[in-house]
Amino acid sequence: MAEYDPQAIERKWQERWGAERAFEADADPSKPKYYVLEMLPYPSGTMHMGHMRNYTIGDVVARYRRMRGFHVIHPMGWDAFGLPAENAAIQRGIHPREWTNTNIESFKRVMHRFGFSYDWRREISTCEPEYYRWNQWFFLRMLEKGIAYRKRSRVNWCPKCATVLANEQVVNGCCWRHEDTPVESKDIEQWFFRITQYADELLDTLKQLEDGWPERVLTMQRNWIGKSRGARVRFAVEGMAGTSIEVFTTRVDTIYGASAVILAPEHPLVDKLLGDAGANTVHAATLQKMRQASVKTADIEKAEKEGFFVGRYAVNPFNGEKIPIWVGNFVLMGYGTGAVMCVPAHDERDFEFATKYKLAIPIVVQPSEGKQFTPETPTAAFTEYGKSVNSGPYTGFTSEKANEIMTADAEARGFGKGEIIFRLKDWGISRQRYWGTPIPVIYCDACGMVAVPDKDLPVVLPAMAKFSGVGQSPLASVPEFVNVKCPKCGGAARRETDTMDTFVDSSWYFYRYADAHNDKAPFDPAKARYWLPVDQYIGGIVHAILHLLYTRFFCKVMRDLGLVNHNEPVQRLFTQGLVLKGGTAMSKSKGNVVGAEDMAVKYGCDTGRLYTLFAAPPEKDLEWSEQAIEGCARFLQRVHKLVSKHAEWVNTQRTEVAPGQAFELASLKEKALLRKAHQVLRRVTHDFETRWHFNSAVALLMELVNEIQKAEPLEEGVRPEEARKVFELLTLMMAPMVPHLAEELWEMLGHTGGTLARAGWPEFVAELAAEDQVEVVMQINGRVKGKVSVEAGLDREELVERVKSDPKIAKLLEGVRVVKIIAVPDKLVNVVAG
RNA sequence: GCCCGGGUGGCGGAAUGGCAUACGCGGGGGACUUAAAAUCCCUUGCCCUCCGGGGCGUGCGGGUUCGACUCCCGCCCCGGGCACCA
């Protein structure tokens, strides 16, 4: 009897799976497909148990689906472009490609070691020209459709680095590499994807995902898109003919309560309104400060509201009233029109501002019922809907009605109109970085901006020797790259030197998996039609907005290009919890990582897989515990021992039984074991199928093993062929979670020469699972007083009789006045006493 | 401030209207051993007990129900996300 040697077993089966191409599947319309996808990793440093948990969950699902007869696609690849590679180059002098490829090799080695059932033929790496040329291809298609465009835009700028910083690179308002250097804001030309063109649809089709995506992810996306229905209203500026200010409001019904118009500090009219004389210098410093402050939203978090009167008045178009024009730091240029009407009585921010600067607080809405809002010493704004008051001809209408009529009137009278605006902004994709996809555009002095023709793709990233991290786009310093002939006129021209945001890479990669080596197109639409959309996507909640929104946007663009025929790329999304150690998420920077490979060396990967599945349900965070792992290792040893001990007996002995006699002969012990096995099967199947509570599935398997061990010695009272059935059920149920050990047990049980990878999931047999005796609980007034064992399936009356006639129960019922009896067959009898 | 999660033994967690604490970890006791490790067995919510048993118990307070960890209302605490979005 061999000892459990996880290293040897795991190597053996990984080799076997490879030799049998066990996890490869090709499009075959005659078979039902299932696409299981884990978010592709950014290969940085070493793979830790946080990554591992994600892939384990995916692997269990993939293996389970295969056993259920699906044609499963389960691919893996690398999000290989990105900043860390470039930083490694700057700090350590290693080329980003070399650093990235080393990490990929390391990740891949560990993934193999964990036995994840990927179809490696489909592997992609986003930093390879074979992949990123299709980013460029998509860019060109979007350029043709006007979805890709260029405009000036504000960015974070470090004057010392002379480069653009991502929001994450701004620390306390300063550059992450120059902590004493405040970040400036700067307007530069940037490339954008017009995602706002799809804003309404991106919001709308979230409905189709309601059954498959976590509610909170849908909510986050809805909030991010931020659709807002309101009105745009024009206020004339008094004394400046032809100048007016447009405000956006969702509460045009409160316009009679406006006591000011407030502009964002960056609003283009501010300087004009201030004029070039005294006023400008008085407020110049304040204005400058406000404009600086608004670069990074986190910095203005709790900033106090500040503002100043610009010295001019606006005219309320509804009642002709003159109200002062102010500049306020809380008004955002990037939202709506960059100007608001200030209605202090009915908006909290306006209330705060008006209180500070002693502006009037006219009340124009009263609650429809209940206590009226009083003007003396108001302490808060009334922001709910109610009834209009003091609103001229609109007085008396409900807020809803007033909104409707006033919007229509504004439009009829020519100073406003109903409008829907979105919080979502266009996606800025330009990065002044080296390690990314070159943007395939050429600038010619004669022809202007010229798209690189398809035949010239890919625009290959040049090999670079030096990375200083200082200066503009690194590519600008490579003359061989920059200097190019204009594709139109053949004259001297320059290439675009910005690269694309890496979120572009990950927006469509799982379509490429369907046809990873196509060199004519990003993928063959026919193959995509078979495999996509993704049936089950698994990843971290961190990607709830950006990645998942961008990928939904790409799907719609691809649909409009005729490449795909569905509206949503991902049917079901599962967001797994973090792996914590010492209460915080494992991460290299925190220094609390448990390396996945170390884990596999110490305990074997099956133990590692089992632990991450058993320690918590997959959506919850999981605290790393070395002691609990030992428990999982012990369990697997116990199972190995149990099966190997009986393997010979089970394989060689046969009891001669005439057909049809089997059930008669079955001993109580046999029946009990098979019953337990099928009860476990029913619940494990349920856990796999609907709830994904792998932790309770593991617990059930442990129960089954405990039950078998209690029945030892099996040879007494159990026939070998019946024991085999129990062992086989156990093995098959373990297979998705601890596949290597399961294969080994399967082989011990006499199934030589194949693999479990395509074995069928066992069939549940209700008759075998059925109990013939059940414990029924006896309650008096809902309190448990005793238990009675009765035959299963008794109806209510029989059950009550049986329970009543139990001597112990009968005694308890003496002298009790019975009001009512509740009986639940096979469960309980509750006597309600008076 | 708003929006999600969540609160159950010493710990991770199970139970979605019907025996609260399955399964695992840890603890206690025992067997084996010269001894230890490993393994195996018993035990393990709290309180009272005349050792028969009895009472209390799922963050707190109320409600619905024959019966509530589970459903409803109101609070408290913890974690996460968003945060001047007009």
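No hydrogens, no waters, no symmetry mates; every other heavy atom, side chains included, goes into these values.
- Checking U39(B), C4(B), C84(B) against every side-chain atom of Lys641(A), the shortest atom distance belongs to U39(B).
- Both Gly631(A) and Asn695(A) lie close to RNA chain B; mapped to their nearest nucleotides by heavy-atom distance, the more 5′-ward contact belongs to Asn695(A).
- Spacing between atom CG of Asn223(A) and atom P of C84(B) amounts to 13 Å, rounded to whole angstrom units.
- When each of G12(B), C3(B), C19(B) is scored by its nearest atom to the side-chain atoms of Gln779(A), the top-ranked nucleotide is C19(B).
- Within 4.0 Å (heavy atoms only), Val331(A) reaches at least one base atom of the nucleic acid.
- Phosphate proximity of G5(B) to Lys620(A): absent, as no side-chain N or O sits under 4.0 Å from OP1 or OP2.
- Using a 4.0 Å heavy-atom distance criterion, Asp350(A) is classed as making no nucleic acid contact.
- Which of C23(B), A15(B), C19(B) sits closest to the side chain of Asn706(A) comes down to C23(B).
- Ser625(A) comes within contact range of no nucleotide atom at all, as no heavy-atom separation falls under 4.0 Å.
- Following rounding to the nearest Å, Glu703(A) (CD) and G24(B) (P) show an atom-to-atom distance of 8 Å.
- For the pair Lys305(A) NZ and C85(B) C1', the interatomic distance rounds to 13 Å; values are reported in whole Å.
- Taking atom C1' in both C4(B) and A83(B), one finds a spacing of 14 Å when rounded to whole Å.
- Regarding contacts with the backbone of G26(B), a side-chain N or O of Arg634(A) is found under 4.0 angstrom from either OP1 or OP2.
- In this entry the distance linking CD1 of Ile541(A) with C1' of G6(B) reads 15 Å, nearest Å.
- When distances run from any side-chain atom of His693(A) to the nucleotides G81(B), G55(B), A14(B), the shortest one goes to A14(B).
- Rounded to a whole angstrom, the distance from the C1' atom of G13(B) to that of U8(B) is 9 Å.
- The pair Lys581(A)-Glu626(A) does not count as a salt bridge, with every side-chain nitrogen at least 4.0 angstrom from each carboxylate oxygen.
- The glycosidic torsion of G9(B) lies within 90° of 0, which places this base in the syn conformation.
- The side chain of Gln627(A) sits closest to G26(B) out of G12(B), G26(B), C19(B).
- By the 4.0 Å N-to-carboxylate-O rule, Glu619(A) lies too far from Arg691(A) to be salt-bridged with it.
- Using Watson-Crick or G-U wobble geometry with both donor-acceptor distances under 3.5 Å, U21(B) finds no partner in any strand shown.
- With a 3.5 Å ceiling on both atom-pair distances, the Watson-Crick or G-U wobble partner of C40(B) is G30(B).
- In this structure His547(A) satisfies the side-chain hydrogen bond (donor to acceptor under 3.5 Å, both in side chains) test together with Tyr537(A), sequence neighbours excluded.
- At a threshold of 4.0 angstrom between heavy atoms, the contacts of Arg683(A) with the nucleic acid are absent.
- When heavy atoms are screened at a 4.0 angstrom cut-off, Glu623(A) is found touching no nucleic acid atom at all.
- For Lys787(A) and C19(B), a side-chain-to-base donor-acceptor distance below 3.5 Å is present, hydrogens and geometry of angles not being considered.
- Shown here, G1(B) forms a base pair with C82(B); the pair counts as Watson-Crick or G-U wobble because both key distances fall under 3.5 Å.
- Counting only N and O atoms by type, the side chains of Glu3(A) and Gln637(A) include no donor and acceptor under 3.5 Å apart.
- Note on Arg216(A): only backbone sugar-phosphate atoms sit closer than 4.0 angstrom, heavy atoms only; bases stay farther off.
- Nucleotide C84(B) holds its P atom 12 Å from the CD atom of Glu352(A), rounded to whole Å.
- In G67(B) the O4'-C1'-N dihedral to the base is more than 90° from 0, which defines an anti nucleotide.
- In this structure, CG of Leu580(A) is placed 13 Å from P of G79(B), rounded to the nearest angstrom.
- Taking every side-chain heavy atom of Tyr335(A) into account, A86(B) is the closest of C23(B), A86(B), C19(B).
- At the heavy-atom level, Arg638(A) lies under 4.0 Å from the strands shown only through sugar-phosphate atoms.
- For Phe614(A) and Phe635(A), the gap between ring centers reaches or exceeds 6.0 Å.
- Residues Tyr603(A) and Tyr611(A) place their aromatic rings such that the two centres sit no closer than 6.0 Å.
- Under the Watson-Crick and G-U wobble criteria, each requiring two contacts below 3.5 Å, nucleotide U65(B) is left unpaired.
- Distance from the side chain of Lys827(A) is smallest for G18(B) among the nucleotides C23(B), U16(B), G18(B).
- Distance, Asn830(A) CG to U65(B) P: 15 Å, rounded to whole Å.
- Applying the salt bridge (Lys or Arg N to Asp or Glu O under 4.0 Å) criterion to Lys710(A), with sequence neighbours excluded, gives no partner residue.
- Taking only side-chain atoms of Val832(A), from C-beta outward, the nucleotide of C66(B), U16(B), C4(B) with the closest atom is C66(B).
- Aromatic ring orientation, Phe309(A) versus Trp326(A): tilted (interplanar angle from 30° to 60°).
- C46(B) sits 15 Å from G28(B) when the P atoms are compared, rounded to a whole Å.
- We find that NZ of Lys227(A) is positioned 14 Å from P of A86(B), with the value rounded to whole Å.
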